[in-house]
Amino acid sequence: MKKILMAALAVFVFGTAIACGGESLKGKKIGLAMQTINGAYFAAQEETFITLCKEKGIDYQTADANGNTNVELANVENFITQGCDVVVINPVHPQGTIEATRKCAEAGVAVFIMDNSILPEANYVSMIQSDNYTLGTLVGADIGRHFAGKPIKLGMLSGNTGNTLGLARRMGALAGLVEYMLERSGEAQVDIVAQGWGGWNQADGQKAAENMLTSAPEMNCIFAENDDMALGAREACQAAGRDDVIICGADGNKTMYRLIKEGGQMLATGRNDPAECATKVIETIEKWAAGEPVQRLVYLTPVSVSARNIDTYYNPDSTF
């Protein structure tokens, strides 16, 4: 067991206003390159994007990279060949996806980044995503509030290595937890007893959580970097008879919302609504196409959803 005293980490990214010549998107073609559609979150994001394009008379194509940067590059090259005017990329990897943006720049195709991060040297107009670090800090504070000074034996359930979104969420969660403890008592000590890699989906999240419970039976809290993995962790805990383990996630899956509302071991989730993200992407592209300035980084509003505010956000009829 490793004891780690965390100091709050602050990440600052400055957006730069960018403008282009005004024109309508109607009749234009947009290619959507998804890093994956494996998981309810990504499927809902793609579905919302397609629905909006149909409503607005925008010609569109979509493609799934299935987590592979080579496939992603081939998908983007196909969009270019098919005459797409704009390409939207939910990147597989912050560095590995740069080549795809370079290909678009060479072809005069505008790129917008959706949801996951890419390195700033990539060729893109705007990146639209959740403020994942702040999202993590808010969930971390809810963890601290729940335990109220009692020992926390924390397990981190992560998506995949090298993913900047996941890194921001887990570092944010640790910073938010530590800051809450410092404000409450003037000291902070967090025991991180396990980490697992759940591949962003429920089945792999369950397997990873099972291993974590075995290797660290003292674990009493799991922070999962998305709700699919959090729900997998719940399955693992139930199978092991461990309803004492508090579980938090991120994204705002309606199943997670329902379980938070019902009470029990699901404590909180950071709201990262896929429909809101896809909608904001289309809105940003429309502003850009109309010649209005857009920021290079556009954030959704970060919120941690717990029993305190669940009724504001839970909609049992929502897509996601």
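Note that the structure is a prediction, hence the values are computed from the model and not measured.
Nearest heavy atoms, Pro91 versus Ile118: CG-CB, 4.3 Å. Across all non-hydrogen atoms, the minimal contact from Val245 to Cys237 is CB-SG, 3.8 Å. Between Ala100 and Ile89, the closest heavy-atom pair is CB-CD1, 4.3 Å. The minimum heavy-atom distance linking Ala236 with Glu210 is given by the pair CB-CG, 3.6 Å. Minimum heavy-atom separation, Ile260 to Ala307: CG2-N, 3.7 Å. For Ile152 against Phe147, the heavy-atom pair with the smallest separation is CG1-CG, 3.6 Å.
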Verify side-chain hydrogen bond (donor to acceptor under 3.5 Å, both in side chains) between Trp200 and Asp228, making sure each step is shown before the conclusion. CA-CA 6 Å; Trp200 303 108; Asp228 276 348; over 6 Å; no
Evaluate the criterion side chain to side chain contact (heavy atoms under 4.5 Å, CB included) for residue pair Gln265 and Arg242; output intermediate values, then yes/no. CA-CA 9 Å; Gln265 68 189 127; Arg242 294 294 307 275; 6.0 Å; no
Take Thr51 and Lys54 through the test side chain to side chain contact (heavy atoms under 4.5 Å, CB included) and record every step on the way to the result. CA-CA 5 Å; Thr51 299; Lys54 288 179 178 178; 5.9 Å; no
Evaluate the criterion side chain to side chain contact (heavy atoms under 4.5 Å, CB included) for residue pair Val86 and Lys28; output intermediate values, then yes/no. CA-CA 8 Å; Val86 175; Lys28 300 293 184 180; over 6 Å; no
Salt bridge (charged side-chain N to carboxylate O under 4.0 Å, His left out) evaluation trace for Glu283 with Lys287: CA-CA 6 Å; Glu283 290 174 352; Lys287 286 180 63 177; over 6 Å; no
I'd like to know whether Asp311 forms a side chain to side chain contact (heavy atoms under 4.5 Å, CB included) with Lys261, so could you lay out the CA-CA distance, the side-chain angles of the two residues, the decisive distance to 0.1 Å, and finally the verdict. CA-CA 8 Å; Asp311 289 334; Lys261 185 176 177 65; 2.5 Å; yes
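Although no hydrogens or angles enter the test, the distance criterion places no donor-acceptor pair under 3.5 Å between the side chain of Asp115 and the main chain of Ala278. Looking at Thr137, its side chain never comes within 3.5 Å of a backbone N or O of Gly172 through a donor-acceptor pair. In terms of modelled atom types and a separation under 3.5 Å, the side chain of Asp64 and the main chain of Asn38 share no donor-acceptor contact. Arg145 contributes no side-chain N or O that, together with a main-chain N or O of Tyr180, makes up a donor-acceptor pair within less than 3.5 Å. Of the possible donor and acceptor atoms, one in the side chain of Asn68 sits under 3.5 Å from a partner among the backbone N and O of Val71. The closest donor-acceptor contact from the side chain of Asn132 to the backbone of Ser130 lies under 3.5 Å. The main-chain N or O of Gly159 is found under 3.5 Å from a side-chain atom of Glu225 such that the two form a donor-acceptor pair. In terms of modelled atom types and a separation under 3.5 Å, the side chain of Thr101 and the main chain of Asn123 share a donor-acceptor contact.
Using a 4.0 Å cut-off between charged nitrogen and carboxylate oxygen, Arg258 and Glu262 count as a salt-bridge pair. For Glu99 and Arg102, the salt-bridge test passes: some basic side-chain N is under 4.0 Å from an acidic carboxylate O.
Taking CG from Leu157 and CE from Met229, the interatomic distance works out to 5.0 Å, rounded to the nearest 0.5 Å. Atom-to-atom distance recorded for Thr284:OG1 and Met127:CE is 12.0 Å, nearest 0.5 angstrom. Interatomic distance, Asn163 CG to Trp197 CH2, rounded to the nearest 0.5 Å: 9.0 Å. Of the inter-residue distances, the one linking Asp273 atom CG with Gln45 atom CD reads 9.5 Å to the nearest 0.5 angstrom. Between atom CD of residue Glu46 and atom CD1 of residue Ile50 there is a gap of 4.5 Å, rounded to the nearest 0.5 Å. Atom CD of Gln61 is separated from atom CZ of Phe79 by 6.0 Å, given to the nearest 0.5 angstrom.
Evaluation of the side chain to side chain contact (heavy atoms under 4.5 Å, CB included) rule for Thr164 yields Pro94, Asn116, Ser117 as partners, not counting sequence neighbours. Not counting sequence neighbours, the partners of Leu167 by the side chain to side chain contact (heavy atoms under 4.5 Å, CB included) test are Arg170, Met171.
Test Phe49, Tyr124, Trp288 against Phe112 for ring pair (Phe, Tyr, Trp, His ring centres under 6.0 Å) and you get one pass: Trp288.
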Could you go through residues 247-254 and list every donor-acceptor pair under 3.5 Å that involves a side-chain atom there, pairing it with any protein atom two or more places apart or in another chain?
unit_1 : atom_1 : unit_2 : atom_2 : d
Asp251 : OD1    : Arg169 : NH1    : 3.2
Asp251 : OD1    : Arg169 : NH2    : 3.0
Asp251 : OD1    : Asn272 : ND2    : 3.2
Asn253 : OD1    : Thr255 : N      : 2.7
Asn253 : OD1    : Thr255 : OG1    : 3.3
Lys254 : NZ     : Pro316 : O      : 3.4
Lys254 : NZ     : Ser318 : O      : 2.7

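Using cut-offs of 30° and 60° on the angle between ring planes, the pair Phe320 and Tyr41 is perpendicular.
Cluster annotation: Val178 is connected to Met156 through the hydrophobic network of ILVMFWY side chains, with a link wherever side-chain heavy atoms come within less than 4.5 Å. Hydrophobic clustering (side-chain heavy atoms under 4.5 Å, transitive across Ile, Leu, Val, Met, Phe, Trp, Tyr) keeps Leu138 apart from Tyr257. Residue Val111 is not grouped with residue Leu73 when hydrophobic side chains (ILVMFWY) are merged at heavy-atom distances under 4.5 angstrom, including chains of intermediate members. Linking Ile, Leu, Val, Met, Phe, Trp and Tyr whenever their side-chain heavy atoms come within less than 4.5 Å leaves Leu135 and Tyr314 in two separate clusters. Grouping the Ile, Leu, Val, Met, Phe, Trp and Tyr side chains by contacts below 4.5 angstrom, directly or via other members, places Leu300 apart from Leu52.
At a threshold of 4.5 Å between non-hydrogen side-chain atoms, the residues Ile282 and Cys53 count as touching. Using a 4.5 Å cut-off on side-chain heavy atoms (C-beta onward), Ile143 and Ile246 make no contact. Considering only heavy atoms from C-beta on, Tyr60 stays 4.5 Å or farther from Lys29 through its side chain. Side chains of Arg308 and Asp142 form a contact here, defined as non-hydrogen atoms less than 4.5 Å apart. Residues Leu297 and Gln129 are in side-chain contact: their nearest non-hydrogen atoms beyond the backbone lie under 4.5 Å apart. Annotation: side chain of Leu154 is in contact with side chain of Leu174 (closest heavy-atom distance under 4.5 Å). With a 4.5 Å cut-off on side-chain heavy atoms, Val303 and Thr312 do not count as touching. Using a 4.5 Å heavy-atom cutoff, the side chains of Asp191 and Glu218 are not in contact.
The local environment of CD in Gln238 is crowded, with over 12 non-hydrogen atoms from other residues, nucleotides or ligands closer than 6.0 Å.
For the 3.5 Å distance criterion, the side chains of Gln35 and Asn90 qualify, holding a donor opposite an acceptor.
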